[in-house]
A.B. asks: 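Sharing a structure, written as structure tokens. Questions coming.
Atom set for the values below is all heavy atoms of this structure, side chains included, hydrogens, waters and symmetry mates excluded. Start at 1 with the first residue, then count along the sequence.
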Amino acid sequence: MTITVLLADDQHLVRAGFRSLLRRGRDLSVVGEASTGDEAVRAARDLCPDVILMDIRMPGIDGITATRRILAAQQTRIIILTTFETDEYVFAALAAGASGFLTKEIDPDGLRAAVRVVAGGDALLSPSVTRRVVGQFAHRPVPSAGRPGGERLSVLTGREREVVRLVATGLSNDEIAATLVISPLTAKTHVTRAITKLGVRDRVQLVIVAYEDGLVGN
């Protein structure tokens, strides 16, 4: 199966570099490019790529706005790929529905692996970004029990809540399995069920729900 990719970046040399790196993966195909946010929205609509590598700072609408508009209209997976790693951009990207947030320092093999992971339906953040996300949420006020958002986790079983809590602390499925003394497949199944019950896109969104609803906090 070939994974189709759209490149959205305002720098021609950056797009050329990504295109060259991705084409070294036999299962990856770059089907289009965009140099502005508006072009990215149109290209996504016309080409229906499996994955979009989206820069943040581009002429016209930025990558965050483009991400939001694309995901409101169609099913695709978007990785925010940028040189900037500030909290503002991390949280804006996640709120817009991005499935990954990577810096441009990622190595070639890591980039290709990230595209495959996201195309497969999982979410991916670079380790440094994960630390920022967890650290920032850990210092946010925990919602009171009476607030509407605090009721979302009530649809989960006790074990699913425990798994979501471990996901929110940054553990992988293998690490969750070791912690709870269950198989990695069982851990993955619990994660998948929690995602389905909560109606979120992926495990990144699970982290957000866990912190906003007070399952994990200070």
A.B. asks: So with a 6.0 Å cut-off around CD of Q75, is the heavy-atom count from everything else above 12?
C.D. replies: no

A.B. asks: For V51 and A119, work out which heavy atoms get closest and say how close.
C.D. replies: CG2-CB, 3.7 Å

A.B. asks: How many angstroms lie between CG in D9 and CE in M54, if you round to the nearest 0.5 Å?
C.D. replies: 10.5 Å

A.B. asks: Under the criterion side-chain contact (heavy atoms from CB on, under 4.5 Å), I'd like the reasoning laid out for E160 against V155: C-alpha separation, chi angles, the key distance, then a yes or no.
C.D. replies: CA-CA 9 Å; E160 288 165 352; V155 300; over 6 Å; no

A.B. asks: Which distance, rounded to the nearest 0.5 Å, do you find between the CG of N173 and the NZ of K188?
C.D. replies: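 It comes to 7.5 Å.
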
A.B. asks: Quick check: do F18 and L81 have side-chain heavy atoms less than 4.5 Å from each other?
C.D. replies: yes

A.B. asks: So among D55, L102, T67, which one has a side chain to side chain contact (heavy atoms under 4.5 Å, CB included) with I80?
C.D. replies: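 When side chain to side chain contact (heavy atoms under 4.5 Å, CB included) is applied between I80 and each of D55, L102, T67, only T67 qualifies.
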
A.B. asks: With heavy-atom distances below 4.5 Å as the criterion, would you say the side chains of I56 and I64 are in contact?
C.D. replies: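 A side-chain contact under 4.5 Å exists here.
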
A.B. asks: Is E162 paired with R165 through a side-chain N to carboxylate O contact shorter than 4.0 Å?
C.D. replies: yes

A.B. asks: Is it the case that the side chain of S99 and the backbone of I79 share a donor-acceptor pair, with hydrogens and angles ignored and the cut-off at 3.5 Å?
C.D. replies: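 Not a single qualifying donor-acceptor pair exists.
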
A.B. asks: Step by step, would you call T157 with R193 a side-chain contact (heavy atoms from CB on, under 4.5 Å)?
C.D. replies: CA-CA 10 Å; T157 66; R193 287 177 179 170; over 6 Å; no

A.B. asks: Nearest 0.5 Å, what's the SG-CG distance between C48 and D46?
C.D. replies: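 If I round to the nearest 0.5 Å, the distance is 8.0 Å.
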
A.B. asks: Can you tell me how far apart CD1 (I52) and CG (L6) are? Round to the nearest 0.5 Å.
C.D. replies: 5.0 Å

A.B. asks: Are the side chains of R116 and L28 in contact, using a 4.5 Å heavy-atom criterion?
C.D. replies: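 Contact flag for L28/R116 side chains = yes.
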
A.B. asks: Closest approach of A210 and A168, non-hydrogen atoms and distance?
C.D. replies: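 Scanning both residues, the minimum pair turns out to be CB-CB, 3.6 Å.
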
A.B. asks: Check whether any side-chain heavy atom of L22 lies under 4.5 Å from a side-chain heavy atom of L53, and answer yes or no.
C.D. replies: yes

A.B. asks: Less than 4.5 Å apart, any side-chain heavy atom of T36 and any of I61?
C.D. replies: no

A.B. asks: Over all heavy atoms of both residues, which pair between A34 and A40 is shortest? Give the atoms and the distance, please.
C.D. replies: CB-N, 3.5 Å

A.B. asks: Using 0.5 Å steps for rounding, measure from the CZ atom of R68 to the CD1 atom of I70.
C.D. replies: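 Those atoms lie 11.5 Å apart.
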
A.B. asks: Heavy-atom distance under 4.5 Å between the side chains of V164 and V209, does that happen here?
C.D. replies: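 No. Closest side-chain heavy atoms not under 4.5 Å.
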
A.B. asks: Short question: side chain of Q74, backbone of A44 - any donor-acceptor pair under 3.5 Å?
C.D. replies: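 Indeed, once roles are kept as given, a pair shorter than 3.5 Å links the two residues.
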
A.B. asks: If you take all heavy atoms of R15 and S35, which pair is closest and at what distance?
C.D. replies: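 That would be NH1-CB, 3.6 Å.
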
A.B. asks: Provide the closest heavy-atom pair for P49 versus V31 in the form atom of the first, atom of the second, distance.
C.D. replies: CB-CG2, 4.3 Å

A.B. asks: Does a side-chain heavy-atom distance below 4.5 Å link R112 with P108?
C.D. replies: yes

A.B. asks: Does D109 offer a backbone N or O that forms a donor-acceptor pair with the side chain of D107 under 3.5 Å?
C.D. replies: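 Confirmed, D107 side chain pairs with D109 backbone.
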
A.B. asks: Between T196 and T192, is there a donor-acceptor pair closer than 3.5 Å when you use the side chain of the first and the backbone of the second?
C.D. replies: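 It does hold such a pair.
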
A.B. asks: Could you tell me if the side chain of I176 sits less than 4.5 Å from the side chain of H190, heavy atoms only?
C.D. replies: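 Answer no - side chains too far apart.
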
A.B. asks: Indicate yes or no for a side-chain donor-acceptor contact from R161 to the backbone of L156 under 3.5 Å, with no hydrogens or angles considered.
C.D. replies: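 Pair absent, no side-chain N/O of R161 close to backbone of L156.
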
A.B. asks: Answer yes or no: does atom NZ of K197 have more than 12 heavy-atom neighbours from other residues, nucleotides or ligands under 6.0 Å?
C.D. replies: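 Yes, because the 6.0 Å sphere around NZ of K197 holds more than 12 heavy atoms from other groups.
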
A.B. asks: Using 0.5 Å steps for rounding, measure from the OG atom of S29 to the CZ atom of R23.
C.D. replies: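 These two atoms lie 7.5 Å from each other.
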
